S.K.: 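The structure's right below; bear with me while I get my questions together.
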Amino acid sequence: MTYTVIFSENAKKQFQKLEQNVQKRIIAALERIRIRPESYISKLVGDPGYKYRVGDYRIILDLDNENLYILVIMIGHRKSIYTR
């Protein structure tokens with residue numbers, strides 16, 4: 001049972017703005033959580049989504065256990081990702 005990772009349009013734009021080495025770390029981290037994402041991600045407080053920590057960066061994502069999808073909603077530095 002492997003999940004498929006899907007990026008939202010907003011997340012794609014945020015991802016492309018990051019440095020090359022950070023992009024590689026994020027891709028490697030997302031590959032790692034595809035098998036059992038529940039053991040890596042944390043529930044957001046007061047929000048229906050989840051967060052995943054990759055160094056100083058955070059990935060805000062949603063999980064669809066029925067269709068085996070991981071939807072990446074936002075990617076950003078930990079200082080600015082939670083302010084909307």
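Bear in mind the structure is a predicted one, so any value in this text is a computation, not a measurement. Side chains are part of it too, since the values below use all heavy atoms of this structure and drop only hydrogens, waters and symmetry mates.
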S.K.: Among residues at least two apart in sequence or on other chains, which ones pass side-chain contact (heavy atoms from CB on, under 4.5 Å) with Q16?
M.R.: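 Counting only residues at least two positions away or on another chain, Q16 forms no side-chain contact (heavy atoms from CB on, under 4.5 Å).
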S.K.: Test of understanding: with salt bridge (charged side-chain N to carboxylate O under 4.0 Å, His left out), list the residues that count as partners of E19, not counting sequence neighbours.
M.R.: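 None.
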S.K.: Run the salt bridge (charged side-chain N to carboxylate O under 4.0 Å, His left out) test against K13 and tell me which residues pass, sequence neighbours left out.
M.R.: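 For K13, no residue satisfies salt bridge (charged side-chain N to carboxylate O under 4.0 Å, His left out) once neighbours in sequence are set aside.
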S.K.: Which residues, ordered by chain and number, are linked to I59 in its hydrophobic cluster, where ILVMFWY side chains connect at heavy-atom gaps below 4.5 Å, directly or through other members?
M.R.: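 Listed partners: M1, Y3, V5, F7, F15, L18, V22, I26, I27, L30, I33, Y40, I41, Y50, Y52, V54, Y57, L61, L63, L68, I70, V72, I75.
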S.K.: Write out all pairs satisfying salt bridge (Lys or Arg N to Asp or Glu O under 4.0 Å) with one or both partners inside residues 52-74, taking only residues at least two apart or from two chains.
M.R.: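 Sorted result for residues 52-74: D56-R78.
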S.K.: Per the salt bridge (Lys or Arg N to Asp or Glu O under 4.0 Å) rule, what does the pair list look like for residues 22-46, sequence neighbours excluded?
M.R.: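 Only E31-R34 qualify under salt bridge (Lys or Arg N to Asp or Glu O under 4.0 Å).
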S.K.: Say you draw a straight line from CD1 of I81 to CD of Q14; how long is it, rounded to the nearest 0.5 Å?
M.R.: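 Reported to 0.5 Å precision, the distance equals 5.5 Å.
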